[in-house]
Amino acid sequence: MCPLLSLIIAVILGLSVHGQTVYLAGDSTMARGGGGSAAPGTDGWGQYLGQYLTVPVVNRAIAGRSSRSYTDEGRFDALLNTVRPGDFVIIEFGHNDGMSGNVDNGRQCAFGDGYNTTATVSNSAGQSLVIHTFPYYIQNAVVAIQAKGAIPIISSQTPSNDWSNGRIVAGPRFVGYAQTAANRTGATYVDHYAYVAQAYNKLGQTATTAFYPGDHTHTSPAGANVVAQAFMRGILCGNSSLKSKANSAGQSVPNGCL
Ligand SMILES: *[C@@H]1O[C@H](CO)[C@@H](O)[C@H](O)[C@H]1NC(C)=O
Ligand SMILES: *[C@@H]1O[C@H](CO)[C@@H](O)[C@H](O)[C@H]1NC(C)=O
Ligand SMILES: *[C@@H]1O[C@H](CO)[C@@H](O)[C@H](O)[C@H]1NC(C)=O
């Protein structure tokens with residue numbers, strides 16, 4: 001049977017037997033328990049997404065991970081072994097993907113957005129290893145998800161509680177890299193950074209700062225809910241088929257399209 005036909009049949013069978021599930025891959029800003037014991041009283045936005053959808057959400061985000069370490073630890077592979085045709089996979093990294101110091105921290109990515117760009121770094125034992133760029137790790141995951149008949153959504157990282165002249169500062173380079181990875185793979189892109197910034201700018205710096213109990217990265221449960229609402233706003237304003245899974249609460253999240 002031709003691969004396309006078997007994929008279509010697999011999608012139809014998968015949907016009729018199992019329904020769709022939304023899987024989340026990301027870091028502490030998305031994970032259950034947020035930053036954990038290092039950031040008490042925080043939670044990740046992935047815990048608040050399910051209340052806006054008609055399909056279940058499985059949160060596989062893990063604190064401290066980057067696109068590289070999530071890959072190297074086999075977490076994308078584990079997801080691939082779990083997803084069924086028709087499932088959604090939302091991928092959001094960036095907070096932990098920046099360069100480390102002289103000794104590799106296991107999560108930094110090579111600088112730049114080239115798929116084939118690499119860097120050679122040294123670990124604490126003095127061994128050298130080759131690392132890849134953020135788009136490389138994200139694109140590989142996306143292509144593998146697409147090959148399973150599942151639906152990847154690349155989401156840009158959340159803003160930190162950093163302000164300039166009463167506005168959330170411009171996003172770091174990983175925001176653009178996320179869009180680049182989406183453009184190259186045809187995956188849906190949600191500019192989550194921009195949608196959260198919109199919500200925060202409207203609430204103002206004082207109200208937003210109340211969402212950050214310990215540091216400038218990890219949100220309180222109330223803040224995580226605002227971040228989840230901003231993601232839903234991005235979905236409502238885009239073309240992903242996840243839009244059709246918004247329940248009435250999901251359809252009435254605040255703010256408008258960018
Ligand atoms: C990356 O390198 C491989 C092997 O040289 C090549 O086949 C591929 O076209 C390159 N991809 C991009 C996006 O440049
Ligand atoms: C991605 O594609 C969109 C639409 O063509 C374009 O506006 C945007 O500049 C591209 N972004 C990147 C980072 O390549
Ligand atoms: C939605 O799809 C239309 C038609 O393909 C395209 O013109 C538009 O830019 C897309 N919008 C978004 C937000 O991706």
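Order of listing sets the numbers, starting from 1, for every ligand and every atom in it. Counting from 1, the numbers follow the sequence of the chain as shown.
Counting heavy atoms from C-beta outward, Y23 and V83 have side chains that approach closer than 4.5 Å. Between F231 and Y195 there is no side-chain heavy-atom pair separated by less than 4.5 Å. Looking only at side-chain heavy atoms (C-beta outward), M30 and L49 stay at 4.5 Å or farther from each other.
In summary, the side chains of D104 and Q108 do present a donor paired with an acceptor at a separation below 3.5 Å, with no hydrogens or angles considered.
Atom 13 (C) of ligand 1 has as its closest protein heavy atom Y115 CB, 4.0 Å. Nearest protein heavy-atom neighbour of atom 9 (O) of ligand 2: Q179 OE1, 4.4 Å. Residue, atom and distance of the protein heavy atom nearest to atom 2 (O) of ligand 1 are N116 ND2, 2.2 Å.
Close contacts between ligand 2 and G176 involve ligand atoms 13 (C) [criterion: under 4.0 Å to a heavy atom].
Note that atom 5 (O) of ligand 2 has no protein non-hydrogen atoms nearby, at separations under 4.0 angstrom.
Closest heavy-atom approach to atom 3 (C) of ligand 2 within the set V175, D113, T180, N183: this belongs to N183.
Using modelled atom types, one side-chain atom of T208 and one backbone atom of G204 make a donor-acceptor pair closer than 3.5 Å.
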